[in-house]
Amino acid sequence: MASIDLHFHSHASDGALPPAEVIARAAEREATLVALTDHDCTRGLADARAAAAAHGVDFLNGVEVSVTWNGKHTVHIVGLGIDPEHAALKAGLQSIRDGRVQRAQEMSDSLARIGIHGAFEGAMAVCENPEMVGRTHFARFLVNSGEVRDVRTVFRKYLTPGKPGYVPHEWARLADAVGWIVASGGMAVIAHPGRYDMGRTLIERLILDFKDAGGQGIEVASGSHSLDDMHKFALIAQRYGLLSSAGSDFHAPGEGGRDVGRTDDLPPICQPVWQALQERIIRAPRAA
């Protein structure tokens, strides 16, 4: 197991814990390098950086940008080593957040049509940052209200394409998202590619478009990847000259997946993204 985690979330987006608590949890698991990558939001980075310094953990500023690709596929692009104050990145992320509340109201209306009422208010009640209300907050409402046993079951029954509560949304363009990340001094990485409902041909088209836009990395080790996925994407990274990243995609204790702070070791053929990001790493103070 590697002590590096470059993809996880706090309650600034759809995680359950404050940024400082997530970093403390990672430190307890002996993480040495972490990146907080909240969805479409950099609000938690200052607290996370301070906590990382206090716990002796090296830190990268991060974000996970929501993208609509090829007209219908939602994909996520992680930005590592970004400057969160860069004007183009800030404006781009704000443009994505502006559409979330309207989408949430439409999701609530969809659930009301099958007899589940009060979902908008319920989702907002478990959302620390109202600009970032999304499917995970609706899932937690449905679990808390007793409608569904757990978050994983929610996504099987609701909130996914073809199911009640799902509302399609037009996110950022791939070229724009990668452009904002690169302009801010960061590296763009395709998040958890094993989760996308795409065959090999579409994945390869996505990678080519991503590289054309200036993207450089792909998550090989992910909390949602099987070992087969990891080795598959290690080979793809090698074939397309992409750097390899590793992240837990942790959101909350008890919600399934990998805990924060540790990831699978990358296969030996991989070139780790953190080797190319040394100048962007914020080093924790070392004991004398």
Side-chain angles (χ1 to χ4, degrees), residues 1-19 21-23 25-26 28-29 31 33-42 44-45 48 57 59-67 73-80 82 132 134-140 150-152 154-156 159-160 171 177 181 186-198 203 206 217-230 232-234 237 242-266 270 272-274:
M1 297 291 290
S3 56
I4 291 171
D5 190 346
L6 303 184
H7 180 171
F8 56 86
H9 302 274
S10 77
H11 73 186
S13 63
D14 61 348
L17 303 178
E21 288 188 26
V22 183
I23 298 298
R25 190 179 182 94
E28 288 171 2
R29 293 173 55 78
L33 173 63
V34 298
L36 178 66
T37 57
D38 278 316
H39 292 282
D40 308 317
C41 171
T42 60
L45 289 179
V57 179
F59 186 80
L60 279 164
N61 287 317
V63 69
E64 185 176 10
V65 185
S66 306
V67 165
H73 294 284
T74 298
V75 299
H76 292 157
I77 304 298
V78 165
L80 297 173
I82 59 167
M132 293 305 302
R135 291 188 302 164
T136 300
H137 303 108
F138 280 85
R140 290 179 184 142
D150 55 43
V151 167
R152 187 170 293 181
V154 171
F155 281 96
R156 282 203 304 268
L159 311 181
T160 52
W171 303 107
I181 291 166
M187 178 187 293
V189 175
I190 298 174
H192 43 58
R195 282 178 47 183
Y196 305 135
D197 185 19
M198 301 181 198
I203 283 287
L206 170 64
I218 189 168
E219 277 185 0
V220 170
S222 167
S224 55
H225 281 182
S226 66
L227 285 175
D228 284 345
D229 287 332
M230 185 169 68
K232 169 185 172 181
F233 288 107
L242 293 171
L243 300 173
S244 299
S245 192
S248 64
D249 198 15
F250 171 81
H251 284 73
E255 286 192 359
R258 181 65 53 81
D259 207 335
V260 68
R262 297 184 73 80
T263 55
D264 291 313
D265 288 318
L266 292 175
C270 293
V273 294
W274 50 89

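Computed from a predicted model, the values in this text were never measured in an experiment.
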About how many Å separate NZ of Lys232 and OG of Ser226, when rounded to the nearest 0.5 Å?
9.0 Å
Under 6.0 Å between ring centres, would you say that holds for His225 and Phe233?
yes
Could you check whether any side-chain heavy atom of Phe250 comes within less than 4.5 Å of a side-chain heavy atom of Leu17, counting everything from C-beta outward?
yes
Side-chain touch Asp38/Met132, heavy atoms, less than 4.5 angstrom:
no
Does a side-chain heavy-atom distance below 4.5 Å link Phe8 with Ile23?
yes
Distance in Å, Ile190 CD1 paired with Ile218 CD1, rounded so as to fall on 0.5 Å steps:
4.5 Å
In the structure I gave you, are the side-chain heavy atoms of Phe59 and Leu45 within less than 4.5 Å of one another anywhere?
yes
Can Arg258 and Asp264 be said to form a side chain to side chain contact (heavy atoms under 4.5 Å, CB included), step by step?
CA-CA 10 Å; Arg258 181 65 53 81; Asp264 291 313; 3.4 Å; yes
Evaluate the side-chain proximity of Ser245 to Met187: yes if any heavy-atom separation is below 4.5 Å, no if none is.
no
Ile203 CD1 to His73 NE2 distance, which is reported to the nearest 0.5 Å:
9.0 Å
Does the side chain of Thr263 reach to within under 4.5 Å of the side chain of His7, using non-hydrogen atoms?
no
Answer yes or no: is there a side-chain heavy-atom contact under 4.5 Å between Pro19 and His11?
yes
Report yes if some heavy atom in the side chain of Glu219 is under 4.5 Å from a heavy atom in the side chain of His76; otherwise report no.
no
Salt bridge Arg140-Asp14, side-chain N to carboxylate O under 4.0 Å:
no
Asp5 bridged to Arg29 by N-O distance under 4.0 Å
no
Of Thr37, Val260, Val22, which is the lone residue that meets side-chain contact (heavy atoms from CB on, under 4.5 Å) with His9?
Thr37
Can you name the closest pair of heavy atoms from Ser10 and Pro18 and give their distance?
CB-C, 4.2 Å
